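Protein chains get the first letters and strands the later ones, always in sequence-line order, with residue 1 at the start of each. Keep in mind the model is a prediction, meaning the values are calculated, not measured. Just so it is clear, the values below take in all heavy atoms, side chains as well, and ignore hydrogens, waters and symmetry mates.
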Number of protein chains: 2
Amino acid sequence: MATGTRTGTTVTAADVAARIREAISAGDLVPNQRLVEADLAEAYGASRGHVRTALGELTVEGLVERIQNRGARVRSVPLEEALEIVEVRAALEALCAARAAERITDEQAEELRAIGRAMEAAVRDRDQSAYARGNTDLHGMLIRVSGQRTAAATIDRLRAQAVRFQYRLSARPGRSQQSLPEHLAIIEAVCARDPEGAARAMREHLASVSEAIVESTRD
Amino acid sequence: MATGTRTGTTVTAADVAARIREAISAGDLVPNQRLVEADLAEAYGASRGHVRTALGELTVEGLVERIQNRGARVRSVPLEEALEIVEVRAALEALCAARAAERITDEQAEELRAIGRAMEAAVRDRDQSAYARGNTDLHGMLIRVSGQRTAAATIDRLRAQAVRFQYRLSARPGRSQQSLPEHLAIIEAVCARDPEGAARAMREHLASVSEAIVESTRD
DNA sequence: TGTGACAAAATTGGTGACAATCCAGGCCAT
DNA sequence: ATGGCCTGGATTGTCACCAATTTTGTCACA
């Protein structure tokens, strides 16, 4: 796929929205950065109209902020709101963990334990990117096993908004050592088919994430 | 000076979106009903472009479903998804109830108890609309006292999607008799500043709502 | 009576042009 | 210097128009 100019395939508004979402998640677009419609249209090879509707979508999703006649910017989520988001995620991911514990099959349990072993190895080898991957896999798998699509969509949307804080966090030295036992506790409870315990472990984990976020902003 | 009609004020896309949202909530627009852009533009005195972007917003919010070249309809939420929505709401409203129990002031507690008394009176008098109002007031006040704006926004969006089932439910005879004690239990726990109890009471209440929804669809 | 092909109508999708608005910077009076 | 005011350029907001697509209606024919 060509990076912009001459694409025979038409670039739809949904495509543009997806590209911008990715760019924000990857940190290529930082909070408060202006999003000039003409520039984006040029960059992605789309018409300005499509860029416009894409920005509308992202505004509803909470990733972008628009001011009348002044254009769009990447929304900057204040610390206070990020903490709220983590609280909401805690409630929802606890729900998913509990449902996952009720529904998990033996094969899925084995897969989950494998993720846990990979995370232990990553901490032992001090491989941060492997640990981050394990983290994503774990949360993703619990959500998938839970079968809660509404919760999943909500969690995704919220996580995208708070992506800036996720970065700061995983860059922090020693963070993985602290969170590893929390993750393993979640895995254990889910594999033991203990919904209440799984929910509790997940809530404790996200409470710790919340604390870590507060500390990471004291710089 | 827009198209003909005498609205001196211009009707923006956000206005149109708000009107359609209301119409869906009020049941004026029913699930699967087609939303023809030209008709809506005529009805609300807006340009077709504005209607178009409004429909885009509502699609992202999950109220409207769009198919390429075939137009927009009011999205029909299947029973299974409505139950998921109630589960997510249970998790979030439990969070709000717990936080409200931690933060409530004496005056707010008195206000909350007044809502409870009004609901008791409504059941005694068999005044369904008064009971429904108390219900709305109660949930709304807990969310407000909790100070959780992220959770509040999420709950609102989800509730709008499942509005069809709310209707069926409150129209059901005897429903208020069953739910009154649940509501009173929530109020008691919050006023007693018992976060854990408030969350539990709220979860139990919404579990009962979930059951009632299932029963109400067996017709 | 049912069915397929075809034309006509209705509706949505996309683009370009133009109007409205905001912002930066220079200019002048104080 | 300081502050108000104006002008030019950049950017967004809106609309009208046309193309593309789907849906509906009609009619011949088995």
Does a side-chain N-to-carboxylate-O contact under 4.0 Å join A:Arg99 and A:Glu102?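 Judged by the 4.0 Å cut-off on N to carboxylate O distance, A:Arg99 and A:Glu102 do form a salt bridge.
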In plain terms, say whether A:Arg21 and A:Glu57 are close enough for a salt bridge, that is, a side-chain N and a carboxylate O under 4.0 Å apart.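 Yes, charged N to carboxylate O under 4.0 Å.
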Kindly say whether B:Ile143 contributes a backbone atom to a donor-acceptor pair with the side chain of B:Ser146 at under 3.5 angstrom?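 Side chain of B:Ser146 to backbone of B:Ile143, a donor-acceptor pair under 3.5 Å: yes, one is there.
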Hey, which of A:Glu204, A:Met202, A:Arg203 is the one that makes side chain to side chain contact (heavy atoms under 4.5 Å, CB included) with A:Ile186?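 The residue from A:Glu204, A:Met202, A:Arg203 that satisfies side chain to side chain contact (heavy atoms under 4.5 Å, CB included) with A:Ile186 turns out to be A:Met202.
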Is it true that atom CZ of B:Arg172 has more than 12 heavy atoms of other residues, nucleotides or ligands lying nearer than 6.0 Å?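 Yes.
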If you count the non-hydrogen atoms of other residues, nucleotides and ligands that lie under 6.0 Å from CZ in A:Arg126, is the total more than 12?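 No, because the 6.0 Å sphere around CZ of A:Arg126 holds 12 heavy atoms or fewer from other groups.
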Please list, for nucleotides 6-10 of chain D, all pairs of protein and nucleotide N/O atoms separated by less than 3.5 Å.
none

Reading DNA chain C 5' to 3', which nucleotide is the first, and which the last, to come under 4.0 Å of any heavy atom in chain B?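 From 5' to 3', the first and last contacting nucleotides are C:dT11 to C:dG13.
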According to side chain to side chain contact (heavy atoms under 4.5 Å, CB included), who are the partners of B:Ala118, at least two apart in sequence or on a separate chain?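 For B:Ala118 there are no side chain to side chain contact (heavy atoms under 4.5 Å, CB included) partners, ignoring immediate neighbours.
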Assuming nearest nucleotide by heavy-atom distance, tell me which of A:Arg48 and B:Asp39 is located more 5' along DNA chain C.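 Between the two, 5'-proximity favours B:Asp39.
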Could you work out, with salt bridge (Lys or Arg N to Asp or Glu O under 4.0 Å) as the rule, every residue matching [X], not counting sequence neighbours?
X        : value
A:Arg34  : none
B:Arg159 : B:Asp156
A:Arg175 : none

Where along residues 28-35 of chain B does a heavy atom fall under 4.0 Å from DNA chain C?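 Within this stretch, B:Arg34, B:Leu35 sit under 4.0 Å of the strand.
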Between residues 64-75 of chain B and DNA chain C, which residues have a heavy-atom gap below 4.0 Å?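 Under 4.0 Å from DNA chain C: B:Gln68, B:Asn69, B:Gly71.
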So, taking the atom named CE in A:Met119 and the one named OH in A:Tyr131, what distance separates them when rounded to the nearest 0.5 Å?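 Reported value, rounded in 0.5 Å steps: 4.0 Å.
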A:Ser208 and A:Glu182 side chains, donor-acceptor separation under 3.5 Å: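 A pair is found: one side chain offers a donor N or O, the other an acceptor, under 3.5 Å apart.
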Does any pair with a residue in residues 134-160 of chain A pass ring-ring contact (aromatic ring centres under 6.0 Å, His included), and if so which ones, sequence neighbours excluded?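 Matches after skipping sequence neighbours: A:His139-A:His183, A:His139-A:His205.
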Residue list, side chain to side chain donor-acceptor pair (under 3.5 Å) with A:Asp137, at least two apart or on another chain: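 By the side chain to side chain donor-acceptor pair (under 3.5 Å) rule, A:Asp137 matches no residue at all.
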Can you run down the salt bridge (Lys or Arg N to Asp or Glu O under 4.0 Å) pairs that involve residues 65-79 of chain B, sequence neighbours left out, and say none if there aren't any?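 Found B:Glu37-B:Arg66, B:Arg75-B:Glu81.
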In degrees, rounded to 10°, what is the bend between the two ends of the helix from C:dT1-D:dA30 to C:dT30-D:dA1, using five pairs at each?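 Result, rounded to 10 degrees: 10°.
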